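Below is one structure, written out as structure tokens; the observations come after it.
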Amino acid sequence: MWKDLWEQHRGKLLGAAFGFFLGFLYLFAGFWDMLIFAFIVFIGYYIGKKLDQGERLFQLDHLWRWLSERWKMFR
């Protein structure tokens, strides 16, 4: 079971574990830092999910098109 889980969801597991580790550093400071902890775990899971699916982490071409459309009105 663990081997199958590792082979199919390696990125998600590593991302969530890394997010858990980083978020654990914030855990001892209080309630609001607990929210930061949850956010960091979510970001780690999201990045791992993207890696598992073979997708790019950042869509630079989409961002470039969006920015170029926004800046047209200032020309």
Side-chain angles (χ1 to χ4, degrees):
M1 179 178 100
W2 292 107
K3 185 178 179 180
D4 186 43
L5 186 66
W6 177 255
E7 289 174 359
Q8 292 182 0
H9 305 287
R10 181 179 301 165
K12 286 180 248 180
L13 287 172
L14 288 175
F18 186 68
F20 184 80
F21 174 73
L22 290 177
F24 192 71
L25 298 174
Y26 287 100
L27 186 61
F28 295 106
F31 174 74
W32 294 107
D33 289 330
M34 183 65 176
L35 293 178
I36 292 172
F37 170 76
F39 181 71
I40 290 172
V41 170
F42 173 75
I43 294 298
Y45 174 79
Y46 178 77
I47 290 172
K49 182 179 173 186
K50 289 282 191 181
L51 292 174
D52 278 347
Q53 294 174 349
E55 297 178 14
R56 294 171 61 187
L57 295 178
F58 302 105
Q59 300 291 337
L60 294 178
D61 54 342
H62 175 70
L63 179 64
W64 180 256
R65 271 188 262 119
W66 182 78
L67 286 174
S68 64
E69 289 174 6
R70 295 286 178 183
W71 282 100
K72 281 182 184 178
M73 64 182 143
F74 294 113
R75 291 184 186 174

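Since the structure is predicted, the reported quantities are computational estimates derived from the model, not experimental observations.
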| Heavy-atom closest pair, residues W6 and L14 |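 Here W6 and L14 meet closest at CH2-CD2, 3.7 Å.
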| task | Check D52 against Q8 and note the closest heavy-atom contact, atom names and distance. | result |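 Heavy atoms of D52 and Q8 come nearest at OD2-O, 4.0 Å.
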| Under 4.5 Å between side-chain heavy atoms, hopping through other hydrophobics if needed: is there a path connecting I47 to F42? | yes
| query | With sequence neighbours excluded, what pairs up with D4 under the salt bridge (Lys or Arg N to Asp or Glu O under 4.0 Å) test? | reply |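 With neighbours one apart ignored, the set is empty.
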| field | Atom pair CZ (F18) and CG (L13), whose distance is rounded to the nearest 0.5 Å | value | 15.0 Å
